[in-house]
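One structure is given here, and the rest of the page talks about it.
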Amino acid sequence: MIFAFLVFFLLTLIDYFKGGLDDRAAWLWPMLFVPLILYLLGVIYGDVPARFYKIDSLKPFPVPFAHQYDRCVLALIVLFTGLFLNFLLFLAAITFDSGHFLIGLYSLYMVLMLLELPNSLRIFRFIQHINTMQYVNVVNPETFRKAIDYYKPSQFELTGQSRTDYLKDLYKSLMEEAKKLAVKESPLKEEQQIALNLAVRSGEALRRCKISAQEENYPRLRANLLILEALEQCVSLELPQEYTGFKKLATEND
């Protein structure tokens, strides 16, 4: 949709400079697509947090937090820039009496943006929750136990029902951690907090896998792999492709 609006913007801009637009305040026609492009970019950037609010569609949350935080701040800036610019152009269309059709389009776009705005404001809630989590981690830095604390060499060798039972027990421990991080001050519901906390935990485990692989610390690598496997088994965590490589590396160096 963004590419389509870019094409429309360029075509109307070319038509404007060629003199094909004869209406009064014809410059408002090309500008019609600019706030829409900005608003759509904001929605796309702001849609990231929503992926981590449900346990049944869990994905590893990229760590450290700063990357997602910066992205959400950028989303807010772009989102409201598009809305504000559309409002200014709407006023300009009325002031210059540019025609009912163009005024109607700016009005329609502004209504659609305002209707979508409550959904977009989930970005605010996301940022607030991340800040709350960071504060909790500062107060109690051992909220997330190290993966190696859960690990014994014999556990990685388990198979069949024994492995299934162990992973269920490990998941219960991870769920307890996630519940501890759920706080009343967060703007998210408790179940949303738990899902996001588990996503953060899986993202941290994935990051630790990378570090452990680079350092050739295979016990720590296997410990973090078990955390990912427990979440995959119990809440259908969507594992990235690199997980297979880490699993192969851990098995070969057992």
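We count residues from 1, following the sequence as given.
A single hydrophobic cluster is seen to contain both Phe3 and Leu40, as judged by linkage of ILVMFWY side chains at heavy-atom distances under 4.5 Å, directly or through other members. Hydrophobic clustering of Ile, Leu, Val, Met, Phe, Trp and Tyr side chains at less than 4.5 Å, counting indirect connections, unites Leu91 with Leu83. Linking Ile, Leu, Val, Met, Phe, Trp and Tyr residues whenever their side-chain heavy atoms come within less than 4.5 Å leaves Phe84 and Leu38 in two separate clusters. In the hydrophobic cluster analysis, where Ile, Leu, Val, Met, Phe, Trp and Tyr join through side-chain heavy atoms closer than 4.5 angstrom, Ile211 is grouped apart from Leu228. Val111 and Ile103 fall into different hydrophobic clusters, where Ile, Leu, Val, Met, Phe, Trp and Tyr residues are linked whenever their side-chain heavy atoms come under 4.5 Å apart, directly or through other members.
Remark: Glu116 pairs with no residue by the salt bridge (Lys or Arg N to Asp or Glu O under 4.0 Å) rule, at least two apart or across chains. Listed by chain and residue number, Gln161 satisfy the side chain to side chain donor-acceptor pair (under 3.5 Å) test with Asp165 (two or more places apart in sequence, or in another chain).
Leu79 places a side-chain heavy atom less than 4.5 Å from the side chain of Leu117. In this structure, the side chains of Leu239 and Glu229 stay at 4.5 Å or more apart for every pair of heavy atoms. Residues Tyr150 and Ser173 meet the side-chain proximity criterion, which asks for heavy atoms closer than 4.5 Å. The side-chain heavy atoms of Pro35 and Met113, taken from C-beta on, include a pair separated by under 4.5 Å. Under the 4.5 Å side-chain criterion, counting only non-hydrogen atoms from C-beta, Ile194 is in contact with Met175. Residues Cys209 and Leu225 meet the side-chain proximity criterion, which asks for heavy atoms closer than 4.5 Å.
Within 6.0 Å of atom CZ in Phe87, 12 or fewer heavy atoms from other residues, nucleotides or ligands are found, so the atom counts as exposed in its surroundings. Within a 6.0 Å sphere centred on CD of Glu238, other residues, nucleotides and ligands contribute 12 heavy atoms or fewer. The neighbour count for Glu242 CD, taken as heavy atoms of other residues, nucleotides or ligands under 6.0 Å away, is above 12.
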Apply side chain to side chain contact (heavy atoms under 4.5 Å, CB included) to the pair Asn224 and Tyr151, showing each step before the final yes or no. CA-CA 9 Å; Asn224 283 285; Tyr151 175 75; over 6 Å; no
Full working for side chain to side chain contact (heavy atoms under 4.5 Å, CB included) between Leu226 and Tyr166: CA-CA 10 Å; Leu226 285 171; Tyr166 163 71; 3.7 Å; yes
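To the nearest 0.5 angstrom, Leu13 atom CG is 9.5 Å from Met31 atom CE. Note: Leu181 CG to Glu190 CD = 12.0 Å, rounded to the nearest 0.5 Å. The structure places CG of Leu112 at 11.0 Å from OG of Ser107, a figure rounded to the nearest 0.5 Å. The distance from the OG atom of Ser154 to the CD atom of Glu157 is 8.5 Å, given to the nearest 0.5 Å. Expressed to the nearest 0.5 Å, how far CG of Leu237 lies from OG of Ser202 amounts to 5.0 Å. With rounding to the nearest 0.5 angstrom, the CG atom of Leu158 is 11.0 Å from the NZ atom of Lys152.
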Would you list the atom pairs, donor with acceptor, under 3.5 Å between side chains in residues 5-12 and any protein atom, with sequence neighbours excluded?
| from | atom 1 | to | atom 2 | distance (Å) |
| --- | --- | --- | --- | --- |
| Thr12 | OG1 | Phe8 | O | 2.9 |
| Thr12 | OG1 | Phe9 | O | 3.0 |

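With respect to the salt-bridge test (charged N to carboxylate O, under 4.0 angstrom), the residues Glu176 and Lys180 do not qualify. For Glu204 and Arg201, the salt-bridge test fails: no basic side-chain N is under 4.0 Å from an acidic carboxylate O.
Closest approach of Ala195 to Leu58, counting heavy atoms only: O-CD1, 3.2 Å. Closest heavy-atom contact between Thr81 and Ile77: OG1-O, 2.5 Å. The shortest heavy-atom contact between Asn197 and Ala178 is ND2-O, 3.0 Å.
Both the sub-6.0 Å distance and the 45° axial angle are satisfied by Arg163 relative to the ring of Phe156.
The backbone N or O of Thr164 sits less than 3.5 Å from a side-chain atom of Gln233, completing a donor-acceptor pair. Using a distance-only test at 3.5 Å, with no hydrogens or angles considered, a donor-acceptor pair links the side chain of Arg222 to the main chain of Ala250. In this structure a side-chain-to-backbone donor-acceptor pair under 3.5 Å is present from Tyr106 to Leu32.
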